[in-house]
Participant: 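Before we start, here is the structure in question, set down as structure tokens.
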Amino acid sequence: MPTPRELIAANVARTRERIAAAAQAAGRDPAEIKLVAVSKYVDAGAAALLVSAGCHALGEARPQQLWEKAAAPELAGVEWHLIGRLQRNKIRRTLPLVSLIHSVDSARLLAAINDEAATLGTTCRVLLEVNCSGDAAKQGFTAEGVRALLPELPNYAHLEVAGLMTMAALDGDDAVARANFAALRLLRDELARESPPTVMLRELSMGMSGDFEIAVAEGTTIVRVGSSLVEGLRR
Ligand SMILES: *Cc1c(COP(=O)(O)O)cnc(C)c1O
């Protein structure tokens, strides 16, 4: 029986190999793709094994769980990513902890984050979450919503809007995921051409355990992988 440490190290190594193989197949440099290890399934102790295995960027879907783990001594120095829904009353506590918020899903939230960052005297790096699948249950802007917001972005002096994020349709197959990811990339390319000069939409956050290789083929720059990294772990 492998120890949890060995198990996680092997999972991380295999996931990195799969990312590299998918990148090479697509003629991309694997170094262009950032792995955010989603630690939401495990406690701080197991999350620290992800860090030991070389994952220095961790993602949490719930602000409270991010706060808890960010306070854990064994996770000091981690680069935190919020990948799930942020309620406005949780912005204040979350902002100082995170390096990127992937999940900004409304203009109202964007404005509230900007206000809070102004109060703190900082700049907050965010992605706009786009609902490419059209799933009614999913959060996120429509493509038209993001287009309409684009000219407003320079008004948010305390935000760096770095790109777009999406999740593929829950009940879709690989072809659906590919279409969702291609749609996000095309939208990013279109917006990047039209965006005000101070707005750099470089990042695409797309791809999870079930579909990250497809996302790499479709140009993702950030994958958010959870289950594949903790597979086999008793939890
Ligand atoms: C949980 C979660 C992930 C990771 O999903 P896995 O399928 O476990 O890799 C990625 N993105 C978001 C937004 C999540 O909530």
Side-chain angles (χ1 to χ4, degrees), residues 7-8 10-19 22 33-44 46-47 49-51 53-70 78-87 90 94 97-106 109 113 125-141 162-174 176-178 180-181 184 203-218 220-235:
L7 194 73
I8 285 189
N11 287 347
V12 169
R14 188 165 20 82
T15 299
R16 288 204 188 276
E17 281 161 20
R18 288 173 58 192
I19 292 170
I33 299 144
K34 183 184 184 88
L35 171 62
V36 172
V38 177
S39 52
K40 68 186 184 189
Y41 305 112
V42 298
D43 62 14
L49 299 178
L50 288 166
V51 179
C55 298
H56 300 290
L58 297 186
E60 283 288 326
R62 293 174 180 273
Q64 287 103 321
Q65 288 179 1
L66 191 151
W67 303 344
E68 280 174 34
K69 285 202 178 81
V78 161
E79 175 189 312
W80 288 105
H81 292 244
L82 182 71
I83 60 172
R85 189 113 205 263
L86 179 59
Q87 298 81 8
K90 303 210 169 73
T94 303
L97 303 175
V98 293
S99 82
L100 182 65
I101 298 174
H102 293 229
S103 41
V104 176
D105 57 6
S106 71
L109 180 62
I113 295 173
R125 217 165 165 253
V126 302
L127 304 178
L128 304 178
E129 179 170 355
V130 181
N131 184 347
C132 284
S133 65
D135 285 2
K138 286 237 175 75
Q139 312 295 328
F141 289 96
L164 306 177
M165 179 272 222
T166 201
M167 293 208 262
L170 274 179
D171 49 1
D173 57 13
D174 286 1
V176 170
R178 190 176 297 280
N180 292 158
F181 294 156
L184 193 72
E203 308 291 345
L204 288 174
S205 170
M206 54 189 201
M208 319 194 336
S209 292
D211 54 23
F212 67 80
E213 282 143 319
I214 300 171
V216 169
E218 293 302 329
T220 195
T221 64
I222 307 173
V223 292
R224 311 176 308 269
V225 180
S227 353
S228 292
L229 301 179
V230 296
E231 216 172 86
L233 198 69
R234 198 187 298 268
R235 50 189 162 99

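Small disclaimer: the values here were computed from a predicted structure and weren't measured. Ligands are counted one by one from 1 in listed order, and the atoms in each one are counted from 1 as well.
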Participant: Go through Ile113 and Val104 one step at a time and tell me if the side-chain contact (heavy atoms from CB on, under 4.5 Å) criterion holds.
Facilitator: CA-CA 9 Å; Ile113 295 173; Val104 176; 3.7 Å; yes
Participant: Tell me every residue that passes side chain to side chain contact (heavy atoms under 4.5 Å, CB included) with Ala217, counting only those two or more places apart in sequence or in another chain.
Facilitator: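 Arg178.
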Participant: Do Thr15 and Phe212 have side chains that approach each other closer than 4.5 Å (heavy atoms only, starting at C-beta)?
Facilitator: yes
Participant: Kindly indicate whether the side chain of Ser205, heavy atoms from C-beta on, has any atom under 4.5 Å from the side chain of Glu129.
Facilitator: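 With C-beta onward as the side chain, the pair stays apart.
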Participant: Could you name the protein residues that come within less than 4.0 Å of ligand 1, counting only heavy atoms, and order them by chain and residue number?
Facilitator: Val38, Lys40, Tyr41, Ala61, Ile83, Met167, Met208, Ser209, Arg224, Val225, Gly226, Ser227
Participant: Salt bridge check, Glu203 against Arg125: does any charged N sit closer than 4.0 Å to a carboxylate O?
Facilitator: yes
Participant: Can you establish whether the number of heavy atoms outside Arg16 located under 6.0 Å from its atom CZ is more than 12?
Facilitator: yes
